[in-house]
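In what follows, a single structure is set out as structure tokens and then discussed.
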Amino acid sequence: MTTHPFHRLAPFIQNYIYTHGWTEMRAVQVEACGVIFDTNAHLLLAAGTASGKTEAAFLPVITLLHEALPTTVGVLYIGPTKALINDQFLRLGDLLKEADIPVWHWHGDVSQGHKTKLLKRPSGILQITPESLESLLINKSGELVRLFGDLRFIIIDEIHVFMGSDRGRQVLCQLMRLARFGRTEPRRIGLSATLGDYSLAETWLQSGTKSNVITPKIEGGQQKIRLSVEHFFTEPQKNLAGREGYEKSKGSVVQADQSESAEKKSIKPSGSPYYRYIFEVSKARKCLIFANNRSETESVIASLRQIAEAEGLPDIYHVHHGSIATPLREAAEIAMRESMSPAVIAATVTLELGIDIGKLERIIQLDAPHSVSSFLQRLGRSGRRGNPSEMWFVCSEETPTGKELLPLQIPWHLLQCIAIIQLYIEERFIERIQPVKYPFSLLYHQTMSTLASTGELSPAALAQRVLTLPPFQHISRDDFRDLLLHLVEIDHIQKTDERGLIIGLAGETVVRNFRFYAVFPDNEEYSVREESREIGSITMPPPPGERFILAGKSWEVLDIDLKRKTVFVKPVKGKANIHWHGSGGIICTRVLKRMRQILFEDIEYSYLQKRALERISSARKLARSAGLDQSNILPLGQNTCCVFPWLGTIAYRTIERWIRYAGKEVVGIISTGGISPYFLTVQLRRPAIEELRQWIISVHDDEIDEEHLVGETEAPQLQKYDEFVPSGLLRKAFTADCLDIEEMKSEVSKWH
């Protein structure tokens, strides 16, 4: 730009900058202004948390809107969570007080009155979730020109959350469907703090458009970080898929990919050293505790609350996840923003994203996050306003009985924590998001959504509308025809006398349910109420008289209204159960390989605390004495051996299936088990461990047909609408997108 971007901004924005004490514009803001003001390209802003990305996107965009007001909604902001949208709504409202540019937010918790005002006078900036946007596309299809005809910018926040998921592919479909109603092609702006491959993000952001994407190189100093890793043995069972899961797998054929496993069903005594430690490092502070599932957030807050009550300390504890009632979630967010008072919140991914949570002093991570990306996103919640980012990892294992076999004596979560930290510190590594070829669940969803919004279409017209959407570029017309024939057969689609297609009776029950707008699985839950106050929701309510934990407190069931799916409760003291099931994330091979390196090196990392150092030292001695540094396959006795693949979730799933299906005849395998992706157990008909070793190592010379890794009658249903997809298409999607033969072969060829 020929002049400093500050002087290009609208006068009321300049005044806002002055009154808020900015001494200068940040690098990301200067670069963003250059792209928005001086080019017609899309913009990808990849910069650290708290770097000013949101302002960088909105300051030049609002300036352009101010100079030429749009006649409809001019900016569409798509956010992944309600909390993030609410936060941005407040921030933008403050910025635009002096401008004639209204800001609207739209999601399930927004009042109908607010939405009606937008529908009457579409203008300004609309902040929305993908699910609410889907609702607009279906239910307001006749008004989309009036709503979005002059749409100029689309801002997608936290795009790394969307990339690689059906929800993100849904967004790309929505943008293409919206483009049919606009006068010009809107420019896209993507925001992210954690991207491992900019080119993939640029391709994703550009999908379906003709404009190129510019990603400015943002110069800036490295954020200082403080890390601590501690380890505890706990009683009773604490680990996610520990001893019980392994014992149940022995001697039976199980699918070793146990990413979906039952979460803990009861909390540990609140006086345990594990919870006492968490209590002490969070006491009287602004702390955010991240857990990998909802059950653990409930467990830790219930225990911390008990300790505080026993010591006569105030209740500063909150829970924040998707099953907590909106008023309680908002109360947690307000408590975190309040600068003068301590607050401790346990959360899942709902607070992982970029909402402003004030002067946060410390992040506590329970066990290991699934990825480097998640670690960075969570670490970035702290360290704002010039302070170092600070994260305390607290890892745990079940107290050993002395009878555990080798694989259960290794501290997997502790190794994973260290591996994730070191991959970032040493290499600035962030996982690469893998593209998907056959998103058939989404294909069903967008097919039904298109018919619901347009009415009757010929098969050719429907194929033209749906198969031209970016996520479906690899899906053939033959595959689409197979899907349509199946949907006609199950009455989700009907043929008309004019040879057109419309929604069928069975399809109506799916499409007309508000849950249809979401493409991610959402278990139907029971609302939990204390008299007139809503507490949250649970999946499987216990019978009257029993107790459970929700919002970090214990409740006793008084009555259940099955018709209205409502559970009436009263608060009680003491221990209680937790009623959820959860799923794990995908761990990449680089993390597993770094875990192995940690197990066989002698480095004492400075952030490891006393117990963690002792645990790593004992694990290293055990692994060496067992010969794990010399071989990936070790005997466990009774014709059973343990395979340590050191492969990520997808490659682990591939080798497990290959061993299970191909090994029966070749080396006499009876069953497989284990815990994905850490270890795999194999039971043999005869003592043939060396034969098994040689057979596995020779896999890189074999031609493997992916279809042979799926059972003859198997049709894995992994996504929300897979139940409506023909089994042949499900098998095709699973072999292409959920297995990786090439990575398996490449890594196994290096085995000892």
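- Atom CG of D166 is separated from atom CG of L442 by 5.0 Å, given to the nearest 0.5 angstrom.
- The backbone N or O of E742 lies less than 3.5 Å from no partner atom in the side chain of S746, so there is not a single donor-acceptor pair.
- Using a distance-only test at 3.5 Å, with no hydrogens or angles considered, no donor-acceptor pair links the side chain of S132 to the main chain of I128.
- What you find for P216 and V35 is that their closest heavy atoms are CG-CG2, 4.1 Å.
- Below 30°, between 30° and 60°, or above 60°: for H445 and F516 the angle between ring planes is below 30°, a parallel geometry.
- Between H42 and E185 there is a side-chain heavy-atom pair separated by less than 4.5 Å.
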Go through it in stages, so that I can follow the logic: the residues are I156 and L205, the test is side-chain contact (heavy atoms from CB on, under 4.5 Å), and I'd like the CA-CA distance, side-chain angles, deciding distance and then a yes or no.
CA-CA 9 Å; I156 307 172; L205 190 63; 4.2 Å; yes

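- A side-chain donor-acceptor contact under 3.5 Å links N292 to the backbone of A368.
- Each of L457, L484, T447 was evaluated against L501; a single residue qualifies, L484, per the side chain to side chain contact (heavy atoms under 4.5 Å, CB included) test.
- The two atoms that bring I159 and S192 nearest to each other are CG1-CB, 4.1 Å, heavy atoms only.
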Run R146 and E143 through salt bridge (Lys or Arg N to Asp or Glu O under 4.0 Å) and show every step you take.
CA-CA 5 Å; R146 191 175 66 85; E143 302 181 57; 2.7 Å; yes

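- Side-chain N or O atoms of S458 include none that pairs as donor or acceptor with a backbone N or O of G500 at under 3.5 Å.
- In this structure, the ring of F181 has its center no less than 6.0 angstrom from the ring center of F148.
- No hydrogens or angles considered: a donor-acceptor pair under 3.5 Å links the side chains of H107 and N86.
- For the side chain to side chain contact (heavy atoms under 4.5 Å, CB included) with L151, the lone residue among L175, V75, T184, V73 that qualifies is V73.
- The existence of a salt bridge linking D722 and K720 is excluded, since no basic side-chain nitrogen approaches an acidic carboxylate oxygen closer than 4.0 Å.
- L709 contributes atom CG, which lies 8.5 Å from atom OH of Y661 (distance to the nearest 0.5 angstrom).
- In summary, the aromatic rings of Y444 and H492 are positioned with their centroids under 6.0 Å apart.
- Closest approach of L467 to S476, counting heavy atoms only: CD1-O, 4.4 Å.
- Using a 4.5 Å heavy-atom cutoff, the side chains of C173 and P471 are in contact.
- The minimum heavy-atom distance between I650 and C738, with the atom names listed, is CG2-O, 3.6 Å.
- With hydrogens and angles ignored, the 3.5 Å screen pairs no side-chain donor or acceptor of R167 with any backbone N or O of V161.
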Between Q377 and E158, is a side-chain contact (heavy atoms from CB on, under 4.5 Å) present by the stated rule, with each step listed?
CA-CA 10 Å; Q377 199 68 36; E158 308 289 358; 3.3 Å; yes

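- The backbone N or O of D150 lies less than 3.5 Å from a partner atom in the side chain of T72, making a donor-acceptor pair.
- Heavy atoms only, all atoms of each residue included: L84 and P80 are closest at CD2-CD, 3.6 Å.
- In this structure, the separation between CG on L92 and CD on E55 is 8.5 Å, given to the nearest 0.5 Å.
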The test is salt bridge (Lys or Arg N to Asp or Glu O under 4.0 Å); show your working for E134 and R177 and say whether it passes.
CA-CA 10 Å; E134 193 73 44; R177 290 167 66 185; 3.0 Å; yes

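- Other residues, nucleotides and ligands contribute more than 12 heavy atoms inside 6.0 Å of the CZ atom of R180.
- Within the 4.5 Å cutoff, the side chain of Q446 has heavy atoms near those of the F472 side chain.
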Verdict with supporting geometry, D479 and K732, salt bridge (Lys or Arg N to Asp or Glu O under 4.0 Å)
CA-CA 10 Å; D479 286 343; K732 182 175 183 177; 2.8 Å; yes

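- Under a 4.0 Å N-O distance rule, the pair R657/E714 qualifies as a salt bridge.
- Using a 3.5 Å distance cut-off with no hydrogens or angles, the side chains of E525 and S537 do pair a donor with an acceptor.
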Test E31 against V28 for side-chain contact (heavy atoms from CB on, under 4.5 Å), laying out the working first.
CA-CA 5 Å; E31 294 291 341; V28 66; 5.9 Å; no

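- In this structure, a donor-acceptor pair under 3.5 Å is absent between the side chains of E656 and S676.
- No donor-acceptor contact under 3.5 angstrom links the side chains of R731 and T735, judged on distance only.
- If you take CG on L483 and CG on L487, they are separated by 4.5 Å, rounding to the nearest 0.5 Å.
- With no hydrogens or angles considered, a side-chain donor-acceptor pair links Y517 and N139 at under 3.5 Å.
- In this structure a side-chain-to-backbone donor-acceptor pair under 3.5 Å is present from S207 to T203.
- In this structure a side-chain-to-backbone donor-acceptor pair under 3.5 Å is present from Q206 to S211.
- Taking CD1 of I189 as the reference point, atom CD1 of I155 lies at 4.5 Å (rounded to 0.5 Å).
- Side-chain contact of S323 with R294: a donor-acceptor pair under 3.5 Å is present, judged by distance alone.
- Within the 4.5 Å cutoff, the side chain of I420 has heavy atoms near those of the V591 side chain.
- The aromatic rings of F89 and H114 stand perpendicular to each other, their planes meeting at an angle above 60°, with 30° marking the opposite boundary.
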Which side-chain N or O atoms in residues 430-439 pair as donor and acceptor under 3.5 Å with protein atoms at least two apart or in another chain?
from: E431; atom 1: OE1; to: V372; atom 2: N; distance (Å): 3.3
from: E431; atom 1: OE1; to: S373; atom 2: N; distance (Å): 3.1
from: E431; atom 1: OE2; to: V372; atom 2: N; distance (Å): 2.6
from: R432; atom 1: NE; to: D197; atom 2: OD2; distance (Å): 3.3

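- Side chains of D109 and T326: a donor on one and an acceptor on the other come within 3.5 Å.
- A distance-only check finds no donor-acceptor pair linking the side chain of S374 to the backbone of H370 [under 3.5 Å].
- Across R477 and A463, no two heavy atoms sit closer than the pair NH1-CB, 3.4 Å.
- Rounded to the nearest 0.5 angstrom, I62 CD1 and L59 CG are separated by 6.5 Å.
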Decide yes or no on side-chain contact (heavy atoms from CB on, under 4.5 Å) for R653 and F734, but give the supporting numbers first.
CA-CA 11 Å; R653 181 188 297 132; F734 184 79; 3.7 Å; yes

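- Seen from the ring of Y424, R428 counts as a face-on cation partner, given the 6.0 Å and 45° thresholds.
- T589 contributes a side-chain N or O that, together with a main-chain N or O of G648, makes up a donor-acceptor pair within less than 3.5 Å.
- Judged by the 6.0 Å and 45° rule, R188 forms no cation-pi pair with F153.
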